[in-house]
Protein chains: 4
Amino acid sequence: MTTANRRTHSGSRRDEAAREAVLHAADDLLVEHGFSALTVEAIARRAGVAKQTIYRWWPSKVEVLLDTLIEDSAKRLPVPVGEATAKDIRGYFRRFARFVTRDPAGQVLLALIAEAQHNPGTAKSFHARYLRPRREQERAMIASCVDAGGISPALTPDAVIDAITGPVVYRALTGTGVPRGLVDALVDDLLKPRSG
Amino acid sequence: MTTANRRTHSGSRRDEAAREAVLHAADDLLVEHGFSALTVEAIARRAGVAKQTIYRWWPSKVEVLLDTLIEDSAKRLPVPVGEATAKDIRGYFRRFARFVTRDPAGQVLLALIAEAQHNPGTAKSFHARYLRPRREQERAMIASCVDAGGISPALTPDAVIDAITGPVVYRALTGTGVPRGLVDALVDDLLKPRSG
Amino acid sequence: MTTANRRTHSGSRRDEAAREAVLHAADDLLVEHGFSALTVEAIARRAGVAKQTIYRWWPSKVEVLLDTLIEDSAKRLPVPVGEATAKDIRGYFRRFARFVTRDPAGQVLLALIAEAQHNPGTAKSFHARYLRPRREQERAMIASCVDAGGISPALTPDAVIDAITGPVVYRALTGTGVPRGLVDALVDDLLKPRSG
Amino acid sequence: MTTANRRTHSGSRRDEAAREAVLHAADDLLVEHGFSALTVEAIARRAGVAKQTIYRWWPSKVEVLLDTLIEDSAKRLPVPVGEATAKDIRGYFRRFARFVTRDPAGQVLLALIAEAQHNPGTAKSFHARYLRPRREQERAMIASCVDAGGISPALTPDAVIDAITGPVVYRALTGTGVPRGLVDALVDDLLKPRSG
DNA sequence: GGCTAAGCGAGACGGTACGTCTGGTCTTATG
DNA sequence: CATAAGACCAGACGTACCGTCTCGCTTAGCC
């Protein structure tokens with residue numbers, strides 16, 4: 001009702017509308033036309049924003065993607081906090097598999113893993129701002145469950161996480177999809193102590 | 001006065017020297033300056049070859065890389081053929097981990113996995129010419145061992161391969177290295193039947 | 001402890017200090033770094049003034065220059081008023097030549113002649129605010145001397161002025177300097193009646 | 001009849017058609033929309049040429065203009081060569097006045113005089129490639145006439161040229177037009193010796 | 001003496017053009 | 001007929017200014 005009919009920028013403070021337009025434009029372009037269509041010019045065009053506005057706030061288009069990924073995965077793939085049960089953990093990794101294979105934001109994740117291969121700077125901030133913090137939360141999730149006696153894996157928490165997310169990500173990267181039951185099989189196998 | 005110092009092309013047949021110069025130039029550039037330095041112009045410059053010569057024989061720089069990867073991994077990471085023992089399999093995956101983390105050709109593999117994310121055409125020929133054939137050989141290796149009774153994994157051969165290579169590749173892609181013992185732990189865990 | 005070191009603007013009336021800072025900044029930039037360095041942003045930076053303050057009071061950077069030119073040439077190159085002798089006229093044109101070739105304000109004049117070529121709006125206000133009024137005074141100077149019988153040129157006053165300032169300006173514009181004696185020769189030649 | 005219906009560029013040699021398209025585009029843009037519309041992008045657009053093609057052959061748009069000026073004034077404002085009469089000289093300066101005030105190429109000349117004010121690099125090559133050679137020819141024209149006894153001016157040849165072209169150029173630059181008879185009056189006045 | 005109005009420094013904004021780089025296509029000349 | 005060379009069109013890169021705008025502030029001048 002009270003919305004202005006034209007976006008009006010906010011003067012000497014950062015324009016939140018422009019920020020969001022950029023993030024959405026980047027996301028949309030990636031999903032619709034792939035990473036190669038994700039040029040700063042195209043983002044600016046699509047967002048109705050000047051190139052300079054992008055360069056003012058983000059050092060590269062990769063950081064734009066990273067921002068969308070961080071926001072989206074905080075919303076749509078939260079790591080369980082507090083005391084986690086084996087069921088919580090299984091649920092998290094199932095959601096992770098779905099996120100990576102079906103959520104648009106999952107495509108962003110894969111694109112960033114890829115881009116980090118090509119560009120050391122990307123790798124660095126991708127780790128610092130996404131992978132590392134998330135890994136910490138995941139580790140805490142596993143550890144809390146171990147502490148509570150819910151599971152007693154033979155591997156370290158890190159190795160467990162790699163052993164589950166690794167195959168999921170690898171199959172997603174190679175475009176072969178994650179087969180039904182793979183996550184469950186891995187989780188079952190890894191979280192319980194090996195007999196003998 | 002015997003010139004001959006300069007490579008002299010051969011007339012109406014494809015110039016093998018040019019082909020090899022291109023492959024080596026691509027490999028070297030990737031290792032020395034990373035994927036972002038790997039432009040067709042740079043390859044041509046380094047190989048002492050005209051751009052057109054590259055475009056004549058390869059549809060893109062990615063196919064150049066793919067050719068080097070195919071040649072190099074046939075040489076340096078052969079899949080065991082014939083009857084394979086559990087030991088052979090473990091050995092193969094150990095060599096795989098070393099290849100991916102330490103061999104220059106492993107960098108090519110990672111770069112192609114990455115590039116396949118950005119470009120559907122790359123993905124297609126990367127699968128058809130590298131991943132698929134290799135996966136077939138790996139599957140045969142596992143199957144022959146199962147048939148011989150050497151192992152009896154709970155998962156399908158494909159799942160086993162993913163469960164081992166997945167974490168290795170994932171850690172390599174995220175630049176975190178593959179910890180000592182990870183491969184062995186995964187192999188031990190997956191090749192032997194689950195108790196109970 | 002009495003701060004006051006920082007210029008403090010004056011509230012709801014135009015800030016004279018800002019006005020002068022702008023004029024001087026423009027002048028300095030032109031002389032030091034040439035016309036191409038004379039951007040509104042650079043003037044604002046140098047003057048310690050916001051861009052908006054410039055746009056509030058001047059329609060363009062050219063008008064800033066024009067203001068400095070008008071002030072400076074009123075001070076340093078006044079046209080003789082009242083009854084003029086041939087000697088006054090010669091003196092004026094000598095000062096004009098020196099102004100155009102050596103005075104920083106002369107550079108401003110040349111820059112505006114140039115800019116007027118590129119921009120019709122500049123041309124218009126440059127004529128209206130500088131060239132026309134000045135030409136009127138020059139014409140009056142010549143006319144008063146003719147009336148007094150001091151000279152009797154074969155050409156109209158306008159043509160005389162053009163015939164003297166033209167070569168001076170042309171040589172200044174082409175950076176070739178005004179040779180000693182050129183002004184005197186032209187003045188001698190033009191102010192006295194042609195024999196025969 | 002035999003013209004190709006599409007311009008086809010000429011391979012590894014410079015494309016003459018592209019060169020001419022650029023020169024004409026620059027000329028046209030200057031005349032139609034003024035110097036401020038003369039951007040490299042606009043020239044490229046208009047000429048149907050890639051920007052890089054312009055940057056490959058010209059260091060700046062100014063050099064493009066300079067090339068058009070050199071070609072055009074060789075064609076349309078040749079300096080008389082060989083023994084020149086007073087009539088030839090008068091004719092040349094009359095043509096010069098018409099060139100500067102009415103010929104599109106004259107606009108290019110004025111634009112370059114202007115731009116040379118703003119940019120030292122422009123000034124340098126404008127002098128070296130246009131003004132200096134032309135001045136040499138003009139000086140030779142005057143000298144040959146003096147030698148033949150056709151005229152005996154009180155001023156040096158250079159001063160004579162400046163005294164005639166100066167006012168013409170100055171009036172053209174200030175957009176006031178060159179009045180009928182001004183050139184003749186100046187020529188008459190300057191080429192004949194002052195009596196007494 | 002509080003209120004209003006304008007000027008101010010600061011700087012974000014949507015744009016345009018800059019000059020550079022690479023991509024992928026084409027032509028020429030050489031062998 | 002393959003090659004080295006390299007010109008060509010296309011279009012993205014990241015930067016500099018443009019001219020407009022809003023912010024938060026300071027200072028008159030009016031009630």
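Lettering follows sequence order; numbering is per chain, from 1. Scope of the values below: all heavy atoms of this structure, side chains included, with no hydrogens, waters or symmetry mates.
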* To do: Drop me the distance from Ile43(C)'s CD1 to His24(C)'s NE2, to the nearest 0.5 angstrom.
  => 13.0 Å
* Face-on cation placement of Arg13(A) at Trp57(A) ring, 6.0 Å and 45° thresholds -> no
* Asked: With a 4.0 Å cut-off on heavy atoms, is Trp57(C) in touch with a base, just the backbone sugar-phosphate, or nothing at all?
  -> sugar-phosphate
Output side-chain donor-acceptor pairs under 3.5 Å for residues 30-39 of chain C, partner residues at least two apart or in another chain, one line each.
from, atom 1, to, atom 2, distance (Å)
Glu32(C), OE1, Arg46(C), NH1, 3.1
Glu32(C), OE1, Arg46(C), NH2, 3.4
Glu32(C), OE2, Arg46(C), NH2, 2.8
Thr39(C), OG1, Ala42(C), N, 2.9

* Asked: Hey, mind stepping through Asp67(A) and Arg19(A) against salt bridge (charged side-chain N to carboxylate O under 4.0 Å, His left out) and telling me if it holds?
  -> CA-CA 10 Å; Asp67(A) 276 6; Arg19(A) 185 185 149 272; 5.3 Å; no
* Pairwise distance CG(Leu112(C)) to NE2(His127(C)) - rounded to 0.5 angstrom -> 11.5 Å
* Structure fact -> Separation of dC21(E) atom P from Tyr55(D) atom OH, nearest Å, is 12 Å
* Looking at DNA chain F, which of residues 31-46 of chain C put a heavy atom within less than 4.0 Å of it? -> Thr39(C), Val40(C), Glu41(C)
* **Side-chain N or O of Arg56(A) closer than 4.0 Å to phosphate OP1/OP2 of dC13(E)** => yes
* When only distance counts, do a donor and an acceptor, one from the side chain of Lys51(A) and one from the base of dG15(E), lie under 3.5 Å apart? -> no
* To do: With heavy atoms under 4.0 Å as the rule, sort Lys61(B) into base, sugar-phosphate or nothing.
  => sugar-phosphate
* For Thr53(B) and dA4(F), is the shortest distance between a side-chain N/O and OP1 or OP2 below 4.0 Å? -> yes
* Asked: Just how far, in rounded Å, is C1' of dA5(E) from CZ of Arg14(C)?
  -> 18 Å
* Between P of dG14(E) and CG of Asp15(A), the distance in whole Å -> 6 Å
* Asn119(D) CG to dC18(E) P, straight-line distance once rounded to whole Å -> 14 Å
* Asked: Is the cationic atom of Arg129(C) (NZ for Lys, CZ for Arg) positioned less than 6.0 Å from the six-membered ring centroid of Trp58(C) and within 45 degrees of its normal?
  -> no
* Structure fact -> Assign each of Ala50(C) and Ala50(A) the nucleotide of DNA chain E bearing its closest heavy atom; nearer the 5' end lies the nucleotide of Ala50(C)
* Asked: How far does CZ of Arg56(C) sit from CG of Asp15(C), to the nearest 0.5 angstrom?
  -> 10.5 Å
* Glu63(C) CD - dC18(F) P separation (whole Å) -> 15 Å
* Asked: Between atom CD1 in Ile54(B) and atom C1' in dT22(E), what is the gap in whole Å?
  -> 13 Å
* Asked: Any donor-acceptor pair under 3.5 Å joining the side chain of Gln52(D) to the base of dC9(F)?
  -> no
